[in-house]
Amino acid sequence: MIDHFGINCADLPAAARFYDAVLAVLGHRRVMDFGVAIGYGTDSPAFWISTFDGVGPNRETHIAFTAPDAATVRAFHAAAVELGAEQLHAPRLWPEYHPGYYGAFVRDPDGNNVEAVCHTAADSD
């Protein structure tokens with residue numbers, strides 16, 4: 001059900017030092033680092049920390065739900081938009097994450113960044 005999730009941090013370097021240490025104790029490590037977002041996991045990133053300009057005390061969370069294919073990602077997006085969700089990113093391939101990463105991002109009624117993602121999409125999907 002949960003593919004990955006993320007939190008926003010006011011002080012990313014402090015958060016990175018914290019999570020580098022405490023997650024290592026649990027057998028996890030930093031597996032991706034984009035400068036403003038760091039992904040932790042065992043083999044692939046399942047937990048992300050990030051920051052952005054103007055991050056405040058009531059920071060949104062990011063939750064990504066697993067979808068079996070690109071068509072289901074599109075159906076998730078359509079259902080959310082039909083219910084009035086703000087579209088953050090329309091369904092598309094995200095090759096900057098990895099080949100086959102296909103996701104759509106919306107804002108839920110409480111302002112959280114919610115995504116549906118599959119990891120096996122192709123350009124023709």
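There is a path of hydrophobic side-chain contacts, each under 4.5 Å, that joins I49 to L23. The cluster map of Ile, Leu, Val, Met, Phe, Trp and Tyr, joined by side-chain heavy atoms under 4.5 Å apart, puts L88 and V81 in different clusters. Linking ILVMFWY side-chain heavy atoms closer than 4.5 Å, directly or via other members, places F105 and V117 in a single hydrophobic cluster. One hydrophobic cluster holds both I7 and V114 under the rule that ILVMFWY side chains link at heavy-atom gaps under 4.5 Å.
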N/O donor-acceptor pairs under 3.5 Å from side chains in residues 31-41, not counting sequence neighbours:
residue	atom	partner	partner atom	Å
D33	OD1	G35	N	2.8
D33	OD2	R30	NH1	2.7
Y40	OH	A16	O	3.4
Y40	OH	D20	OD1	2.7

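The CG atom of D69 sits 8.0 Å away from the CZ atom of R74 when rounded to the nearest 0.5 Å.
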Exercise. Carefully, step by step, assess Y19 and H28 under the rule side-chain contact (heavy atoms from CB on, under 4.5 Å).
Key: CA-CA 9 Å; Y19 286 110; H28 308 297; over 6 Å; no

Quiz prompt | Working for side-chain contact (heavy atoms from CB on, under 4.5 Å), residues I2 and F65 | solution = CA-CA 5 Å; I2 303 294; F65 296 100; 3.7 Å; yes

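Nearest approach of R107 to A85, heavy atoms of both residues: O-CB, 3.5 Å. Listed here is the closest heavy atom pair of C118 and V73: N-CG2, 3.9 Å. In plain terms, the two heavy atoms of T42 and G27 that are nearest each other are CG2-O, 3.9 Å.
By the neighbour-count criterion of 12 heavy atoms within 6.0 Å, atom CD of E82 is sparsely surrounded, having that number or fewer from other residues, nucleotides or ligands.
Paired with N113 under the rule side chain to side chain contact (heavy atoms under 4.5 Å, CB included), one option of E86, E60, H89 passes, and it is E60. Remark: of the listed residues Y101, Y102, W94, Y101 is the sole one forming a ring-ring contact (aromatic ring centres under 6.0 Å, His included) with H119.
For E115 and H4, the side-chain atoms include at least one donor-acceptor pair closer than 3.5 Å.
Here F5 pairs with F47, I63 under the side-chain contact (heavy atoms from CB on, under 4.5 Å) rule; sequence neighbours left out.
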